[in-house]
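Here the structure comes first, spelled out in C-alpha cells, and everything after it is commentary.
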Amino acid sequence: MQSRFFAVKTTGGQERNVAKFVGNRLERDETENSIISSAIRSIVVIDSLKGYVFFEAPNAQVVSDAISGFKHVKNMIPGIVPYEDIEKFLVTRSIVSEISINDIVEITSGPFKNMKAKISRVEVGRSEVTIMLLDAPYQLPVTVDVNGIRIVEKSKGND
Amino acid sequence: MAKELACRKCKIIIPSSGRVCPSCGGTDLSTDWSGLIVLSNPDKSQVAKQLDFTKPGRYAIKVS
C-alpha cells in the first residue's frame, strides 16, 4: 500500500525525543511481530519545522496507535501531508555547482549580512567560496559557506 | 550530554563514543548534523528510496 505522511504535533523542542521514543517502541514491538512496527515506515523530524514530527505509514490508525501514551505528543493533525512538502526539506541541493567566478552575490548570514560581493574562488569539495566585498573601501577577501550567499547576478560569459 | 555523531558518507547516526560507522565502516564522522529520520521499514518507505537508505536505523538529513 502506498505511503502517506501524517503530521503529529509535539511539545516544542521535543521532536527528536518523540521520534526516538516511538522508534524504540517500534524496535521493541518488532520482536513481538506487532502490526504497528511493520506499518510505520519512517519518522521524519525537520529542524526548521518546530513542534511537528512526520510519520510515514499506510493509514492514520497505525500512527495513532504508535504515538499513544507519549508525554510530549499533543495530537495528530487531521489529513495527509503531501510528500512534496516534505521532500523539499530532505533533498538539500547545494548551489555550489551553479556559482562561477565573478558572479555577484548577496551575503545572507554572518557579520557581512546584506552586503554584496564578487566571487573570486570556488571550492566545490568544501562547499565554500572566497568573495571580495564590494561595499568595503579596500579589497577584502572573505571565505564563506555557499549556504550563506545568494546569487544576484551571473557573470557575463565564462571567458 | 555529548551530541551523537553522524557519518558523512551514509548519514547514519551513532553514539558519541563511536569511532567507526557500523553501517559503511567509514571514519568520517561529524557532530554537525541536522534533521532526523527514524527508518523502520526501508523496503516500503518513500523517504528511504529518495535518500538511498537501505537499512533500518536513525539517519541525519544533513551532515556538514
Side-chain angles (χ1 to χ4, degrees), chain A residues 1-5 14-30 34-50 52-58 62-63 66 81-84 86-94 125-128 145-148, chain B:
Chain A
M1 197 173 174
Q2 206 196 337
S3 282
R4 291 173 177 156
F5 289 85
Q14 296 296 328
E15 302 84 1
R16 284 188 186 183
N17 285 335
V18 169
K20 278 183 205 168
F21 280 129
V22 179
N24 289 342
R25 178 190 262 187
L26 297 179
E27 256 175 51
R28 252 198 335 269
D29 286 358
E30 205 171 1
S34 157
I35 299 165
I36 303 169
S37 66
S38 56
I40 300 280
R41 293 162 185 177
S42 69
I43 307 166
V44 180
V45 178
I46 296 161
D47 287 356
S48 52
L49 297 176
K50 279 223 180 318
Y52 292 95
V53 174
F54 299 92
F55 286 77
E56 182 182 5
V62 285
V63 179
V81 180
Y83 179 60
E84 293 71 40
I86 292 170
E87 189 187 19
K88 62 187 175 195
F89 293 102
L90 301 180
V91 185
T92 46
R93 203 168 59 91
S94 177
R126 294 168 68 181
S127 292
E128 281 180 351
D145 194 274
V146 284
N147 296 318
Chain B
M1 196 181 83
K3 199 175 180 189
E4 292 166 306
L5 300 164
C7 174
R8 282 202 177 91
K9 195 177 167 194
C10 64
K11 293 186 177 176
I12 203 159
I13 296 168
I14 62 165
S16 54
S17 55
R19 293 283 171 270
V20 179
C21 172
S23 178
C24 68
T27 52
D28 194 6
L29 308 170
S30 169
T31 52
D32 190 9
W33 54 271
S34 63
L36 173 69
I37 295 169
V38 179
L39 193 59
S40 53
N41 193 342
D43 299 331
K44 291 183 179 173
S45 170
Q46 206 170 346
V47 173
K49 276 195 197 97
Q50 173 95 52
L51 300 173
D52 286 334
F53 297 153
T54 53
K55 294 175 191 168
R58 294 195 292 123
Y59 294 86
I61 294 177
K62 188 183 171 192
V63 186
S64 311

Partners of A/Asn17 by side-chain hydrogen bond (donor to acceptor under 3.5 Å, both in side chains), sequence neighbours excluded?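 Residues passing side-chain hydrogen bond (donor to acceptor under 3.5 Å, both in side chains) with A/Asn17: A/Gln14.
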
What's the shortest heavy-atom distance between [X] and [Y], and which atoms?
X: B/Ser45; Y: A/Ser3; result: CA-OG, 4.5 Å
X: A/Phe89; Y: B/Ile61; result: O-CG2, 3.5 Å
X: A/Asp47; Y: B/Ser34; result: OD2-CB, 3.2 Å
X: A/Ala19; Y: B/Leu36; result: CB-CD2, 4.0 Å
X: B/Lys44; Y: A/Glu56; result: O-OE2, 4.1 Å

How long is the straight-line distance from CD of B/Gln46 back to CZ of A/Arg41, given to the nearest 0.5 Å?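 Answer for the CZ-CD pair, A/Arg41 versus B/Gln46, is 9.5 Å.
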
Could you tell me the separation between the CD1 atom of B/Ile37 and the CD1 atom of A/Ile46, rounded to the nearest 0.5 Å?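 One finds 8.0 Å between CD1 of B/Ile37 and CD1 of A/Ile46.
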
The interface call for A/Phe54 against chain B, heavy-atom contacts under 4.5 Å, is neither

When A/Val44, A/Val18, A/Ile43 are each screened for side chain to side chain contact (heavy atoms under 4.5 Å, CB included) with B/Val38, the one that passes is A/Ile43

Mark yes when over 12 heavy atoms from residues, nucleotides or ligands other than B/Phe53 sit less than 6.0 Å from its CZ; otherwise mark no.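 Enclosed.
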
Less than 4.0 angstrom from a charged side-chain N to a carboxylate O is my criterion; do B/Glu4 and A/Arg16 meet it?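 A/Arg16 and B/Glu4: not salt-bridged.
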
Heavy-atom distance under 4.5 Å to chain A: side chain of B/Leu51, backbone, both or neither?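 Just the side chain, heavy atoms under 4.5 Å.
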
